[in-house]
Number of protein chains: 2
Amino acid sequence: MKAFSLLMSEKDFHSITTAEIARTAEVTEGLIYKYFKDKKDLLYQVLNEHFFEFQAKIENRIANEKTCIEQLEVIIFSSLESYTANRIFSKILLLEVRNSLDFFESCAYEMVRKYTTTILSIIEKGIETGELKPETDPHILRKVILGAIEHACLGEIIFGREFDIDETSTGIANIVFNGAKA
Amino acid sequence: MKAFSLLMSEKDFHSITTAEIARTAEVTEGLIYKYFKDKKDLLYQVLNEHFFEFQAKIENRIANEKTCIEQLEVIIFSSLESYTANRIFSKILLLEVRNSLDFFESCAYEMVRKYTTTILSIIEKGIETGELKPETDPHILRKVILGAIEHACLGEIIFGREFDIDETSTGIANIVFNGAKA
DNA sequence: TCAATAAGGTAAGTAACACTTACTCACAAT
DNA sequence: ATTGTGAGTAAGTGTTACTTACCTTATTGA
């Protein structure tokens with residue numbers, strides 16, 4: 001997994017060969033298949049490992065906030081932070097796993113679901129308490145928030161283009177909560 | 001390209017074999033390589049074809065709108081419409097091409113850039129004319145809009161889950177322009 | 001104490017796949 | 001008549017993910 005992560009920072013999943021992984025890990029190719037079902041399984045496991053830490057950190061932070069808007073701001077900030085701090089994790093999650101249907105049956109996807117479900121319930125609570133407009137569609141608000149986060153990170157992952165997390169985070173929150181219309 | 005498109009509606013890029021493409025097109029495998037550099041090139045060409053129509057339609061519609069907000073609303077609606085009307089195009093653009101760096105050097109990506117540049121200049125004009133808040137960061141607003149559009153379509157592409165274009169479109173516009181905060 | 005079992009590891013495959021090569025044929029243009 | 005070109009093919013080739021059969025060294029339980 002360490003060898004694979006290293007290679008993932010250099011090139012994309014498909015151009016990494018099993019021979020290369022074995023050579024980097026200083027074992028033989030066959031051994032990989034003692035521990036992993038296939039190459040994709042290795043990918044998912046690496047994703048899982050990173051995602052676990054991400055999940056733990058973010059849930060902790062959410063618990064510290066009171067208002068719905070503050071919680072969502074924490075989610076936006078923490079997601080951006082995690083994505084930029086861990087390029088391999090981001091690359092796998094945003095670019096690699098999605099084009100294979102079997103990911104959506106993996107346990108890693110279960111964690112993604114849990115995370116997005118949390119977001120949805122925060123939004124719903126916000127509408128109930130009157131923090132958010134009553135006509136807000138929770139699913140659409142979630143799509144806007146998640147889409148914005150992911151799109152913001154793509155440039156970084158693909159081109160290595162850096163961005164200011166604070167600035168982007170408050171920028172997204174500002175548009176999503178206050179709107180861009182004058 | 002027709003054969004490939006057909007196969008793309010059934011499975012993902014990587015599980016389509018050259019043999020299968022050839023069989024579907026009723027030619028031999030070798031002939032594919034007379035017209036396309038490699039399998040990826042075929043993918044990019046199909047994307048290009050679809051993208052061309054998309055671009056033409058959308059530019060036309062934008063020209064018919066006067067205000068910046070109306071133009072952006074047209075972009076949101078038309079993008080959702082195009083993505084849902086053309087699942088193969090969407091699948092390639094949102095899931096397949098991104099994980100390969102050479103896409104970003106292809107002419108297809110040039111068209112994507114042109115499209116996103118148009119969006120940016122509409123936003124900038126909106127800030128100038130006072131339609132949008134002066135403190136709006138144009139790049140971030142673009143990220144939020146594009147991210148929301150793309151994220152909204154992912155569920156449809158991946159799970160075949162359908163959604164109401166009008167509802168989603170006005171929902172996104174509502175959040176982005178008016179904000180979700182009460 | 002010692003065989004049985006399992007854990008860690010390897011070398012040498014194999015089938016499938018993307019892609020190449022060397023060729024044929026039809027048919028226009030010179 | 002000859003030459004060049006575009007369309008097409010059959011039969012490869014090298015690489016790649018994955019498998020098999022085997023070896024070695026600990027651990028364990030009767």
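Chain letters run A, B, ... following the sequence lines, proteins first, then strands; residues in each count from 1.
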Can you give the donor-acceptor pairs under 3.5 Å from side chains of residues 63-76 of chain A to other protein atoms, not counting sequence neighbours?
unit_1: A:Thr67; atom_1: OG1; unit_2: A:Glu70; atom_2: N; d: 3.1
unit_1: A:Thr67; atom_1: OG1; unit_2: A:Glu70; atom_2: OE1; d: 3.1
unit_1: A:Glu70; atom_1: OE1; unit_2: A:Thr67; atom_2: N; d: 3.4
unit_1: A:Gln71; atom_1: NE2; unit_2: A:Glu65; atom_2: O; d: 3.4

Under 3.5 Å, side chain of B:Thr118 to main-chain N/O of B:Lys114, donor-acceptor pair present?
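Yes, the answer is positive, given that a donor and an acceptor are paired below the 3.5 Å cut-off.
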Which donor-acceptor pairs under 3.5 Å do side chains of residues 172-182 of chain A form with protein atoms, sequence neighbours excluded?
unit_1: A:Asn174; atom_1: OD1; unit_2: A:Asn178; atom_2: ND2; d: 2.6
unit_1: A:Asn178; atom_1: OD1; unit_2: B:Lys181; atom_2: NZ; d: 3.4
unit_1: A:Lys181; atom_1: NZ; unit_2: B:Asn178; atom_2: OD1; d: 3.4

Contact string for nucleotides 19-25 of chain C, one letter per nucleotide 5' to 3', B = base within protein heavy-atom range under 4.0 Å, S = sugar-phosphate only, - = neither, reads BB-----
Give the rounded distance in Å between these two atoms: [atom1] of [X] and [atom2] of [N].
X       : N      : atom1 : atom2 : value
B:Phe4  : C:dA18 : CZ    : P     : 11 Å
A:Ile21 : C:dT10 : CD1   : P     : 15 Å
B:Glu20 : C:dA16 : CD    : C1'   : 13 Å
B:Asp41 : C:dA18 : CG    : C1'   : 14 Å
B:Arg23 : C:dA18 : CZ    : P     : 12 Å
B:Phe36 : C:dA18 : CZ    : P     : 15 Å
A:Ile32 : C:dT10 : CD1   : C1'   : 13 Å
B:Glu26 : D:dG8  : CD    : P     : 12 Å

With a 4.0 Å cut-off on heavy atoms, is [X] in touch with a base, just the backbone sugar-phosphate, or nothing at all?
X       : result
B:Tyr35 : sugar-phosphate
B:Thr28 : base
A:Ile16 : sugar-phosphate

A:Glu10, CD atom: more than 12 neighbouring heavy atoms under 6.0 Å
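Above 12, so yes.
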Does the side chain of A:Glu29 pick up a donor-acceptor pair with the side chain of A:Thr18 at under 3.5 Å?
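Side chains of A:Glu29 and A:Thr18: pair found under 3.5 Å.
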Any luck finding a side-chain donor-acceptor pair between B:Ser82 and B:Lys57 under 3.5 Å?
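No donor-acceptor contact under 3.5 Å links the two side chains.
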So is B:Lys37 actually on top of B:Tyr44's ring, under 6.0 Å and inside 45° of the axis?
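Not flagged: B:Lys37 not positioned over aromatic ring of B:Tyr44.
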